[in-house]
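No experiment lies behind these values; they were computed from the predicted model shown.
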Amino acid sequence: MNVKVFVLLALLIFVSCQKDILKDPEQNELTLDIPSYFPTPRYKFEQNRLTRNGFELGRKLFYDPILSADSSISCGTCHAQVHAFADHNQSVSTGVFGRIGTRNALPTFNLIFAPFFHWDGGINHIEMQPTAPLLNHDEMDISMAEALRRLRNHPEYPGLFKKVFGTSEISARDFLYALTQFQGAIISANSKYDRYLQGKAQLTADELAGLKLFEKHCATCHSGALQTDYAFRSNGLEWNGKEEGRYHITLDSADFQKFRTPSLRNVTLTRPYMHDGRFNSLQAVLDHYADLGKNKPAPPFTDPKLKNGLPLSEDDKEKIITFLHTLSDFSLLANPMYSEPKAK
């Protein structure tokens, strides 16, 4: 079946049983509907109360190109809902003035569970996460002072901020609070695998076989309900001459070429893969791990667990990929609550 046709059919099926992840969506105060088998959120909105108005303000900011230097891109440009909030088919993202970055854009869902953000973990708090792309020369390239100036001079934003925070004086804190309310409320928890864990769906024989292989070969790093341990590892990739990984943050030579383990939720929807998007298919990813230390030498900085690669047959790879498809949450792609607000 054509991939585009498959995705369209899946969207039609899953939108009909779409789950509203925000409880009491008509009330101003909101709570998130999080499965019991998910980890405890690290960010609990304790100082930044999650409200309908705050969520909507954050959503407007997320999709507004006013926050980029040339007003050409928004957060939603590189984190597109239709691609599970990733930059699908872009090895590395394009920023303002057509500048080309150095990293593949990670998807922005389930952020409230993360202890670190970005490939190198340079940000360790969700409220500060937006500052990295805002300030980055190759991404949005705008200072906080200029972003706030634009918002304060906007005909709508002062009133919207007053409605949420009680003051039209738009501060950096309230700006980041609003973005966090929207991004923190993007929860992906409605895949076939979730329904399997909840006893609402059955996996096929091939999917179950793939799950067992995944647990044997992949779950050391891609562990738990979110399929990540958030650790930093070098997974045997040849250095591209640009990205130094965690070393860029710590300046510890032991961290050279270490990158954060990404979640594999929605992985079939968020290609290409790796920090620089060098692999365009899951087959290529599994080929890399199977060949490592055998048909190609492992770089000296490779994690010891991966130096000898993974003993995967072609049938093993096929079944693992079949299982990975069960991690796709098609309702996330179609949920209107996360979509770009319609122009008034």
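- Between the side chain of N104 and the backbone N or O of Q90 there is at least one donor-acceptor pair closer than 3.5 Å.
- Nearest heavy-atom pair, Y196 versus L211, reported as atom, atom and distance to 0.1 Å: CE2-CD2, 4.2 Å.
- Atoms CZ and CG, on F330 and L333 in that order, are 7.5 Å from each other to the nearest 0.5 Å.
- Under a cutoff of 6.0 Å and an axis angle of 45°, R260 and F232 do not form a cation-pi pair.
- To the nearest 0.5 Å, atoms SG (C218) and CD1 (I320) are separated by 4.5 Å.
- H275 contributes atom NE2, which lies 5.0 Å from atom CD of Q257 (distance to the nearest 0.5 angstrom).
- Classification of the F214-H222 ring pair by plane angle, with boundaries at 30° and 60°, yields tilted.
- Donor-acceptor pairing under 3.5 Å is lacking for the side chains of S74 and D64.
- Formation of a donor-acceptor pair under 3.5 Å by the N190 side chain with backbone atoms of D329 is not found in this model.
- Using modelled atom types, no side-chain atom of H118 and backbone atom of D120 make a donor-acceptor pair closer than 3.5 Å.
- With F175 as the partner, the side-chain contact (heavy atoms from CB on, under 4.5 Å) test is satisfied by one option alone out of L57, L134, T180: L134.
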Task: Pair S93-E139, side-chain contact (heavy atoms from CB on, under 4.5 Å): steps then yes or no - done: CA-CA 8 Å; S93 295; E139 297 185 48; over 6 Å; no
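- Using a 30° and 60° split on the angle between ring planes, Y177 and F165 fall in the tilted class, from 30° to 60°.
- Looking at R271, its side chain never comes within 3.5 Å of a backbone N or O of H88 through a donor-acceptor pair.
- In this structure, K60 forms a cation-pi arrangement with Y157, its terminal cationic atom sitting closer than 6.0 Å to the ring centre and no more than 45° off the ring axis.
- In this structure a side-chain-to-backbone donor-acceptor pair under 3.5 Å is present from N28 to N53.
- With hydrogens and angles ignored, the 3.5 Å screen pairs a side-chain donor or acceptor of H125 with a backbone N or O of E127.
- With hydrogens and angles ignored, the 3.5 Å screen pairs a side-chain donor or acceptor of R99 with a backbone N or O of H137.
- To the nearest 0.5 Å, the span separating CD1 on I73 from CG on D70 amounts to 7.0 Å.
- Put simply, the side chain of Q227 gets close to the backbone of A225: a donor and an acceptor are under 3.5 Å apart.
- Note: H288 and F279 have tilted aromatic rings, judged against thresholds of 30 and 60 degrees for the angle between ring planes.
- For the residue pair T268/S328, the side-chain donor-acceptor check at 3.5 Å is satisfied.
- Between T228 and L264, every side-chain heavy-atom pair lies at or beyond the 4.5 Å cut-off.
- Within the model, atoms CZ of F301 and CG of N235 stand 9.5 Å from one another, a figure rounded to the nearest 0.5 Å.
- In summary, D303 and K307 do not engage in a salt bridge, as defined by a charged side-chain N under 4.0 Å from a carboxylate O.
- Side-chain contact between I100 and D138 is absent, with no heavy atoms from C-beta onward closer than 4.5 Å.
- In this structure, a donor-acceptor pair under 3.5 Å is present between the side chains of S339 and Q81.
- Between S71 and R150, the shortest heavy-atom contact is OG-NH1, 3.5 Å.
- Within the 4.5 Å cutoff, no side-chain heavy atoms of F62 are placed close to those of L67.
- Between the side chain of Y338 and the backbone N or O of A185, at least one donor-acceptor pair lies under 3.5 Å.
- For the pair F117 and N124, the minimum side-chain heavy-atom distance is 4.5 Å or more.
- The CG atom of N295 lies 10.0 Å from the CG atom of D287; values are rounded to the nearest 0.5 Å.
- Defined by atom type and a distance below 3.5 Å, a donor-acceptor pair is missing between the side-chain atoms of E207 and Y193.
- Within the 3.5 Å criterion, the main-chain N or O of S72 finds a donor-acceptor partner in the side chain of S68.
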